[in-house]
Structure formats: C-alpha cells, structure tokens
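Let me begin by handing over the structure; questions about it come next.
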Amino acid sequence: MADAIDGIDLNELGLNGECGGATQENASQQLENEDDLATQDVQELAMSPKSRDGQELARIPFVGMEFEDEEEAFRYYLDYAKCRGFGVRKGHVYRASHSQIITCRHFVCDKEGAKLADKRQLGKIIQRRRDTRTNCKARVVVSKMKNGLWTVKTFEDVHNHHLLRTPSKVMKMRSHRHISTTCRSLIETLHKSRVGPSQMSRILNETLSSTGSALITPNDCSNHLRGVRSNNIGQECMAIVKFFKEKKLNDDFFFFDMELDEFGQTRCVFWADGRSRVAYSEFGDVVVFDTTYQTNRFCFPFAPFVGINHHKQSILFGCALMADEKEESFVWVFQTWLKCMLGKHPQTIITDQDLAMGNAIAHVFPSSGHRLCSWHIGRNSMKYLVDLKSNDGFMRDYTNWLHHSESIEAFEDRWGELKATYNIDDKHWLSRMYEIRSKWVSLYWQDTFTAGMTTTQRSESINSFFDGFVNAQTPLDEFVMQYDKALSARRNAEESEDFKTLNSIANFYTGHPIERHAGEVYTRTVFNTFQVELRESDSMLAERIRDGSDYAKYAICNHVVVFGKNCTEDGEPYAMCSCKKFEREGVLCCHILKIFKKKEVPKIPKKYILRRWSMDARYRSSVMMVETHNNAFTPLMKWSAQNMCFRIAQSISSVEMYEKIMPKLNDIFEMVTETSNTLRTKQNKENEEVIGSCSMPTFSCDNDVHGSQVSILDPKPVKSKGRPRVNTRIKSGIDIQLSAKKKRTCSRCGEKGHYMTTCTSCKSVFMKCCII
C-alpha cells in the first residue's frame, strides 16, 4: 500500500524505490544541525555577488517548505545553488510500488558520489582525467504528500569542497548553463549557413555581449545541434517531402519523385527545380553522371546530373540519392530523370566504368552515346599494365597504337600486332578494354559532340564544391536544404559571368572581321578559346591539294581542310577539318580559321555558331516565344506554354476579365483535347504497362503528403560498393599505391624496413670484432 493518512509522509509506508527502497535521514541529527546550517548559509550568502549588488537574497530552503511540483522545487534549489556557487543535478527517485508514480526525489550537489575504480585498469599506469566528484553529501529531498504538494523532508547544506564566488565561473557549471531560445535559433540559423561551432560561438558572444548572459562555448553549440539532429531521427524523409511541397508552391516547374520499398522505407530520391529543367533544354546535349560521393549519414551515394553551360561552367540538371548502386536503382533514377526532362535524351553521357550503370544506360538511353571517363582508364592502365611495362618497347608501341592511329582500321590492325608481339591473352585487362573500345577510344568519338569533356571531372568538381555545404554526417533533410544553397551559389557565378559579358567589350588582337564577329556572338569564355585558335592560325601555312575534286583541299600541319560554298541563295561557305575539333567541341579549329582568312570570309557562317555558346542561351525568367527547328516539339516549348497559362491565371483580377478570357480558353482547350485524344490514350496504355511491371512503390510530386495514408520511413544506412567509410571519393589502386608509406632500405644489407644504423648484420659483425 502506498496510500497515507493525513499528516503522514507517503515514504513512511515503506515504498520501493529505484535504488532499492526509500531511506529517511535521522530527524534528530537534522534538528541538531539545523541552526548551524542556517547561520552558515546566511554568512556565505552575504558574500555572494547578488548581495554585493544590493539584489534580494535567495531564500534558503528549509524542512517543511512546500512546492506545487518537483520541477518547481528543482528550480528553487537550482537558483539557490547558483547564488551559493555550486552545481546541482537530479539524484535518486522513488516510485510507488503499484502505480510507479514518483513520490520522492533527491536533488544533490554535482560533486556527489565518487568515481569507481575500473578493474580492467588495476596494475596499469593510465593517465586518467581529473576527478570532479568529492562524495559531497549536500542535498535536498522532496516528497509528495497526500494533498498533492511536494514538501522538503531533508536539507543538507554542508559541502566538503570550496564554493565558487565568481559569477562567470559559476555559469560554467553544467546545471547553470542554459541557452536561451534566441541563442538556439541563432545557432540553427548559423548552422544552415555552414558556420562551424568555433566561429558560431564567437559570433554569438559578440552579438549577446551587451545582454550580460553567459558566454557560449563551441561545445554548447555542438551539443545543441546534436540534440536537434537526435530529435529529428525517423522524420527526415517526411521533412524532405514537406520541403519539396513548399518548393513546388513557389516553383511551378519543380519536380521530385521517391522510390519506397515494401516496408515504406526510402530507397531513392530525385528532384530538380524549374531552372535546372530549362537549362537542360539548352545544354542537355552532354551529361556527366557520377556516384563516387556520399554526403549523408545514411551513406546514400550522391548522384548529380552535371552539364556545361555557355560560360563553360558546371551546371546541375537535377540530382538523386540512391540506396545502392545496383542496376535496378540506376534504371529507376534514369527513367525518373528522363520523365522530368520530358523524354529528351542526351547526345552523350559520360560516366565511370561501372557495369551496372552501363547496363542501365543501354536500357534507358539506347540512342545516346555512352563514353567512359578517360582519366579513370588512364589510372587503371598504370595499375593493370605493370606486367607488360617490363617488356622493352611496349610503352612506345602502346602509345602509338592508342594515340597515333590514323583511322579505326589502322587502330584495329595495330591491336592484332600488339597482342601477338607481347602475348596478351583474352583474359587480360587490356583485352577486355579492347572489347568495349567504342566507349573510350577517341577515334570512335571524333564525330560526337562532347563540349570538350572526356572525363567525369565536372561531376567531381561539383562534389568538391558541395564539400563546403555538406559532409558525410549530414541528415537527408538538411542535405536537401544545403543543396539549394549550393545551387544558388553556382547560379550566382553564372549570373556574374552573364553580367561581365554583357557589360564589357572584347579586346581584339588581329583586327580581322571574323574576330569582331566572334566577339559579338560568343560569350566571354568561349571567345577567349576562339581567340587562341585564331592566333595560332597566323603561324600556319596552307598548301593546296590538287586532286581534281570539286572542292578545294588544303594541307595544314598534318591535317586536311575541305572548303566550299553552298549552292543556296546566301552561298555561305563551309569547311571540314580532319582534326574534328568543331564536331567535338563546337568551336572552329585553327586550321579552318586559316582557310577562312585566306578566302576572306568576313564572319563565321551560321552553321558554325552553336546557340549553346552564345548569350542567347542564358536564362531568362520571362516567357518568350521559342523558335521551332525542323518542326520538332522541344521541352522548352512545353514549359513556355505552361508558364504562359500560369501568367494568364495570375493576371485575372476582376469578374469582367474572367468572363472575357474564359470562353476563349475553353475553345482553346477543346481544340487541344480533340487533337491530342489519340496520343493521350496511347500514352496512358504505355504508363499502365510501366506501372504494372514496377515492383517498388513510388511517391511523386503529384501525391498528397498531408493525407493520413502517406507514411514514408527513413532508410537504413547502407554500405555502397567500393566506398570507404571516411573518404568521400573512391580511391583507385594506383592511389593506394602512391599513398602507401615507403619502406626503408638498408644501404649495407639491401633489405627493407631499416637503415644502416639499425642493421642487425652490422651489429653482429661489430660484436665478433669485439670478441676477437
């Protein structure tokens, strides 16, 4: 029984507590010391800082003092301890045996108790931290009475340690360190701006110095942020969906999608804002895709779709977080990205050599060219060709075969000779690479536009850029928000280049009309590239090749340029060079420019001016008419039409305008419905087939996150293939070899692992000499 009669404490009935039962202090001993304690308290409180300032002294707790609840009692004792100069913490708690309701609570000095010896450290000399516990007996014991009030039953105020008198030192105690709501909000705001704890504490202390509050330490900032993250565990994915919904309210073209497993846990997330989608319509001819970066505590690989804009800057076409790097995950990401970009396939996609990724690209982008990163292949060649490098002449023949073959036929013929000369079997790494030669050998990519990119360096530069915003412990919802900030920083750099190009005039070195024309149509960065080619053409000689053909041929520096004029009314000249620089990079090479100057061509023909390298490709927030090319419907046209409808709806501000506009809109809608009915039916059938074959549920931006039926769980941490725990980028074999510590080599015995001064053979010889 835990009940009590009037006037009797509940603890006198023998309640069972968490520490083995309730114990009561000797009442007679307490009464004997009561007068001495009160006298000592008054004397010490008279020396406190509050008494010096003329402020009201904190009331001394006494036996029989009543409080509304235990928290009020703890706050009262905490304020008293702050004035006295010691810390407080909550001690033992006792509960009723039948209801487990707290009936007794101990508030003790923070130096109560003693540190126990560790049995594992017996007999060992270990440098331990200084002890902070002195087994102090000062405490307050409050009990809950039958009337519901909490009464002080025991008050001991004798400390066996010195008490602090300086307010600044008292506020450093853990029990007195309280961060205000204003400070907490500032800490979270600074954290979102990627300010570290050290800088954060300096900013807060400088800002709040006039308020007289305690100084904030870096540990205080870290502890608060750790508590915020722990409170958010299990709700990160729902926070992501909520953030995406808010983004879609402000950005009508914002797109996101999520893939869930059968348990409702997140497997993949993809999103792209409206500006990224518009940028893809201009610069989506070449895309770099890479997954060697992890930026969240779930170890999800970060998979950005990266391109290059008109200033040759890296831009993002959207990104994904993937649970694993299996083929089905890549297929989902690629199909979702293609859906986001309204079915527009890139001309070229550059990735690393991953089998699952390659199979997914072949399945989703059958018409796109897939190129492997040349940098990774070069690094792998240093690792896997070690056995062949020992042969004399191999590197010379290998270089001539790979880089100096004149044609594809010559390249394949030289491979047979190289394989026979150095006995390269079919299982060798080089033989396997030869089977996929069309994905990495430059001869097979001469006529394919790559915007000058042959590696995944663009994607890795994006990864290094994100290092300033996220890290491997960043929660998913925080990563999404930091991604927006990183994206804004990239776009600010693009806008700065737009301003510099529009607000400046190019410097001309040759004064040729074709140079002035290039300065008008190209952006600043692309014009600098053009100028380099134009200046190199001044030092070249062109020799006419007379072979009886209808076109003029010229030999320039081991390359052949074919020149002619179109038979149309404008009669624009055209030229083709065997170096294929324009086909690969979209900028005329120095060989063609040499012929254009020789033929006195005043300006660059229209066919050699790519829109993607001009200021016409810059982002414009307003809607403009999009020109049609070859009667092809482009994604930019659809986005422009959507934005126009949105602007019409926003401009309706009266009933008269509504009555005039709605009949016309209804007529347009009926016309569109009639013409697209057949196509819509066909598309619905295709979507049903795709949805029926999908084994994983998805969550897209069309679903309602506010409904009670939607429940998205956080994913489980995964271990991506080949990815270490700490590093954010996968190291190749050669990286590991180069980073490995070199062993010492003895100059006397020739063995590794020691020097001559520590050589054991030298010591043995010396000992023999001494014996003799």
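All of these numbers come straight from a predicted model, not from anything done at the bench.
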**Message:** So that I can tick it off, tell me whether K597 and D538 are bridged by a salt bridge, with the cut-off set at under 4.0 angstrom between side-chain N and carboxylate O.
**Reply:** yes
**Request:** Decide whether a cation-pi geometry holds between K247 and F256; the criteria are a distance under 6.0 Å from NZ or CZ to the six-membered ring centre and an angle within 45° of the ring axis.
**Result:**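 K247 over F256 ring: no.
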**Asked** Under 6.0 Å between the ring centres of F563 and Y554?
**Response** no
**Request:** Return the orientation label for the H310 and F283 ring planes: parallel under 30°, perpendicular over 60°, tilted otherwise.
**Result:**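 Answer is parallel, since the angle falls under 30°.
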**Side-chain (S496) to main-chain (N492) donor-acceptor, under 3.5 angstrom** =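 Here the side-chain-to-backbone pair exists.
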**Prompt:** What do you reckon, are the aromatic ring centroids of Y483 and W271 less than 6.0 Å apart?
**Reply:** yes
**Prompt:** So, is the end of the K312 side chain (NZ or CZ) under 6.0 Å from the ring centre of W613 and within 45° of the ring's axis?
**Reply:** yes
**Message:** Side chains of T525 and H311 only: does a donor on one sit below 3.5 Å from an acceptor on the other?
**Reply:**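 Judged by distance alone, the side chains do not pair up.
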**Request:** Determine whether I595 and I556 make a side-chain contact, defined as any pair of heavy atoms from C-beta on separated by less than 4.5 Å.
**Result:** yes
**Message:** For D616, is there any backbone N or O sitting under 3.5 Å from a side-chain donor or acceptor partner on R611?
**Reply:** yes
**Message:** Is any side-chain heavy atom of F527 closer than 4.5 Å to one of F508?
**Reply:**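 In short, these two side chains touch, coming nearer than 4.5 Å.
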**Message:** Do N250 and E246 have side chains that approach each other closer than 4.5 Å (heavy atoms only, starting at C-beta)?
**Reply:**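 A side-chain contact under 4.5 Å is absent here.
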**Prompt:** Under 30°, 30 to 60°, or over 60°: which ring-plane class applies to H591 and H559, parallel, tilted or perpendicular?
**Reply:**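 Plane angle between 30° and 60°, so tilted.
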**Request:** State whether R491 and D273 are salt-bridged, where the test is any N-O pair (Lys NZ or Arg NE/NH1/NH2 against Asp/Glu carboxylate O) under 4.0 Å.
**Result:** yes
**Message:** Are the side chains of L610 and F449 in contact, using a 4.5 Å heavy-atom criterion?
**Reply:** yes
**Asked** Would you call E536 and K581 a salt bridge, taking side-chain N to carboxylate O under 4.0 Å as the test?
**Response** no
**Request:** Mind checking the CE-CZ spacing from M357 to F334? Nearest 0.5 Å is all I need.
**Result:**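 So the gap between those two atoms works out to 6.0 Å.
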